[in-house]
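Worksheet for the structure shown next.
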There are 2 protein chains.
Amino acid sequence: MREKTHLPKMIASQIVMDIVNNKLVPGSKVIEEKYANTFGTSRGPIREALYMLETEGLIERIPKRGAFVKKYNKQDLCDLFEVRIALEIMSIRRLKYPLPENKINEIDRIIEAMYTANQEEYSILNNDFHYKILCLSENEIFKNFYSRLGAPLIALQKFVLETPENIQHSLQEHQLLWKAIKERKLNIAKAVLEDHMESGKKRFLMGIEKKTG
Amino acid sequence: MREKTHLPKMIASQIVMDIVNNKLVPGSKVIEEKYANTFGTSRGPIREALYMLETEGLIERIPKRGAFVKKYNKQDLCDLFEVRIALEIMSIRRLKYPLPENKINEIDRIIEAMYTANQEEYSILNNDFHYKILCLSENEIFKNFYSRLGAPLIALQKFVLETPENIQHSLQEHQLLWKAIKERKLNIAKAVLEDHMESGKKRFLMGIEKKTG
DNA sequence: TCGAACCAAATTGTTAACAATTTTTCACAA
DNA sequence: TTGTGAAAAATTGTTAACAATTTGGTTCGA
């Protein structure tokens, strides 16, 4: 597993950090030269990073105008939620049983960790869980699309209201879902996911209300 | 409506042409300098074009190795079909009635043109139709994802077996779907789309069998 | 014959300068 | 005050040269 340093990739993840930490606010322009200076590189690698982030849906590039941090409204985020769940449902239909032992263990461990996680940790575990579920299908198309959905949702995760009650509820849903998948009760899994989508949207909207008005 | 020449965009569409016309076969490498020479530009714009096509799912870039024409197998194409239909179903649920008059007319005209289209024309009209249906929802998220699905499917459209009988069948499905949408019978529309997905897949696979052995 | 080490060629990555375009600023007139 | 237009500044687009890396082939030794 070689993970050679790829300059544009490093720059991209730094820009993501800046978005998550509100140093770059949605709608604002990302000026190539500014970033080039802070990284001590030329503008080339910055441009590449911006292209990558455009693919992930975090940046919007307008020819000859510049690159902007993409702005998502409530409706957009709910739609992303919905597409994510739809992809998960489709991928569950493609599962081949028996599921590989090592992947089962990985997901078991995520659920375990969720019990004792704090808010921030829970967000990360939550995303991990859904991604691992999707990867169970070993389907490149779904994985590919899923990764593009994830980025905006992760960047805006800070808006999700993770109260102890919400986390408790969410955890229960995850347990149910995982149990249904393991026992090959796919219709139940589908129903749980559809419920999870609704409650997820609700938590999302609650969080947005709280923090922006 | 200003459509200024954007070099990378032009190059990208030329590369798409080359893929469609089999000058670039799936799996082969796209060498930057080669294309730079044929266009009389430097490598910069070529790289941008390759990034664009990566976003559209036609090219896969591997750092320090190069850009390759992405290879899709049967299963991949069926999955893309399925995701496309799922997006259409989701977007139909978001329609706001009454539908705008001008868009209704546009789609009416596509259906009309389908009656007298030859095979090649029909493929294009078919894609147009589905895209216009999706655009009815005026939902940027769906449009965005849809455009990424379309490219690989269009590039491989040549595999779809468009016999007169198949076209006839497909046309009927489109009429049914459009009628259901206009009359706001969304459950029917959904059912028709699900059927259309199955028969579309079948035509696809028939075409692949025929042309590749 | 096979594999490892090495060299040369091909290719991608990066840079810095220049060109083209957009945005900002500001003077001026209605 | 407000709007217009032209310079100036800022920014993106493009280029060509150079650096770093990968690829392909060749030699050598076992």
Side-chain angles (χ1 to χ4, degrees), chain A residues 1-19 22-71 144, chain B residues 1-19 22-71 144:
Chain A
M1 191 170 329
R2 56 178 178 174
E3 191 62 49
K4 290 192 188 174
T5 59
H6 192 232
L7 196 46
K9 217 170 265 178
M10 285 166 49
I11 294 169
S13 60
Q14 181 57 53
I15 294 176
V16 172
M17 286 298 189
D18 288 354
I19 293 174
N22 253 34
K23 282 183 197 167
L24 279 174
V25 299
S28 67
K29 192 172 175 183
V30 180
I31 289 150
E32 294 172 4
E33 193 149 8
K34 205 184 103 193
Y35 262 97
N37 290 335
T38 69
F39 281 104
T41 69
S42 67
R43 280 166 47 220
I46 310 289
R47 295 186 122 228
E48 297 217 10
L50 289 173
Y51 278 117
M52 289 181 188
L53 295 177
E54 187 177 32
T55 301
E56 292 180 23
L58 285 171
I59 289 288
E60 178 165 23
R61 271 178 49 91
I62 303 175
K64 298 180 187 178
R65 304 284 298 277
F68 300 84
V69 180
K70 211 158 170 180
K71 233 173 176 167
N144 188 335
Chain B
M1 193 176 321
R2 56 178 179 177
E3 192 62 49
K4 292 193 187 173
T5 59
H6 191 231
L7 196 45
K9 218 170 265 176
M10 284 167 50
I11 293 169
S13 59
Q14 182 56 53
I15 294 176
V16 172
M17 286 297 190
D18 287 355
I19 293 175
N22 252 33
K23 282 183 197 165
L24 279 173
V25 300
S28 67
K29 192 172 176 183
V30 180
I31 289 150
E32 294 173 2
E33 192 149 10
K34 204 183 104 193
Y35 262 96
N37 290 335
T38 70
F39 280 106
T41 70
S42 67
R43 280 165 47 219
I46 310 289
R47 295 185 123 228
E48 297 217 11
L50 289 173
Y51 278 116
M52 289 183 190
L53 295 177
E54 186 178 32
T55 301
E56 292 180 23
L58 285 170
I59 289 288
E60 178 165 20
R61 271 179 49 91
I62 303 174
K64 298 180 186 179
R65 304 284 298 277
F68 301 82
V69 180
K70 211 160 171 179
K71 233 175 177 166
N144 188 336

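All of these numbers come straight from a predicted model, not from anything done at the bench. Residue numbers begin at 1 in each chain, while the letters A, B, ... track the order of the sequences.
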Check: Which residue pairs pass the ring-ring contact (aromatic ring centres under 6.0 Å, His included) test when at least one of the two sits in residues 36-65 of chain B, sequence neighbours left out?
Finding: Tyr51(A)-Tyr51(B)
Next item on the list: Return the set of residues passing side-chain contact (heavy atoms from CB on, under 4.5 Å) with Met10(B) (not counting sequence neighbours), or none when no residue passes.
Entry: Thr5(B)
Next item on the list: Only counting residues at least two apart or in another chain, list the ones meeting side-chain contact (heavy atoms from CB on, under 4.5 Å) with Ser28(B).
Entry: Leu24(B), Val25(B), Val69(B)
Item checked: Phosphate OP1/OP2 of dT23(C): any Arg65(A) side-chain N/O under 4.0 Å -> yes
Checklist line | Side chain of Pro45(B) (C-beta onward), nearest among dT15(D), dT14(C), dT12(C) | finding: dT15(D)
Margin query: From C-beta outward on Pro8(A), which listed nucleotide comes closest to its side chain: dT21(D), dT12(D), dT14(C)?
Written below: dT14(C)
Starting at atom [atom1] of [X], determine the distance to atom [atom2] of [N], rounded to an integer number of angstrom.
X	N	atom1	atom2	result
Lys64(B)	dA10(C)	NZ	C1'	17 Å
Glu32(A)	dT14(C)	CD	P	15 Å
Lys29(A)	dT11(D)	NZ	C1'	6 Å
Leu7(A)	dT21(D)	CG	C1'	15 Å
Tyr35(B)	dT12(C)	OH	P	13 Å
Ile11(B)	dT14(D)	CD1	P	8 Å
Ile62(B)	dT12(C)	CD1	P	12 Å
Glu33(B)	dC18(D)	CD	P	14 Å

Next item on the list: Not counting sequence neighbours, which residues clear side chain to side chain donor-acceptor pair (under 3.5 Å) with Asp18(B)? List them please.
Entry: Gln14(B), Tyr35(B)
Check: Hey, can you pull the residues of residues 37-44 of chain A with a non-hydrogen atom under 4.0 angstrom from DNA chain D?
Finding: Arg43(A)
Item checked: Nearest heavy atoms of Gly57(A) and Lys70(A), plus distance in Å -> O-CD, 3.7 Å
Check: So, for Pro45(B) and Ile11(B), which heavy atoms are closest and what is the spacing to 0.1 Å?
Finding: CB-CD1, 3.8 Å
Next item on the list: Would you mind listing every salt bridge (charged side-chain N to carboxylate O under 4.0 Å, His left out) that reaches into residues 26-38 of chain A, with sequence neighbours excluded?
Entry: Glu32(A)-Arg43(A), Glu32(A)-Arg47(A)
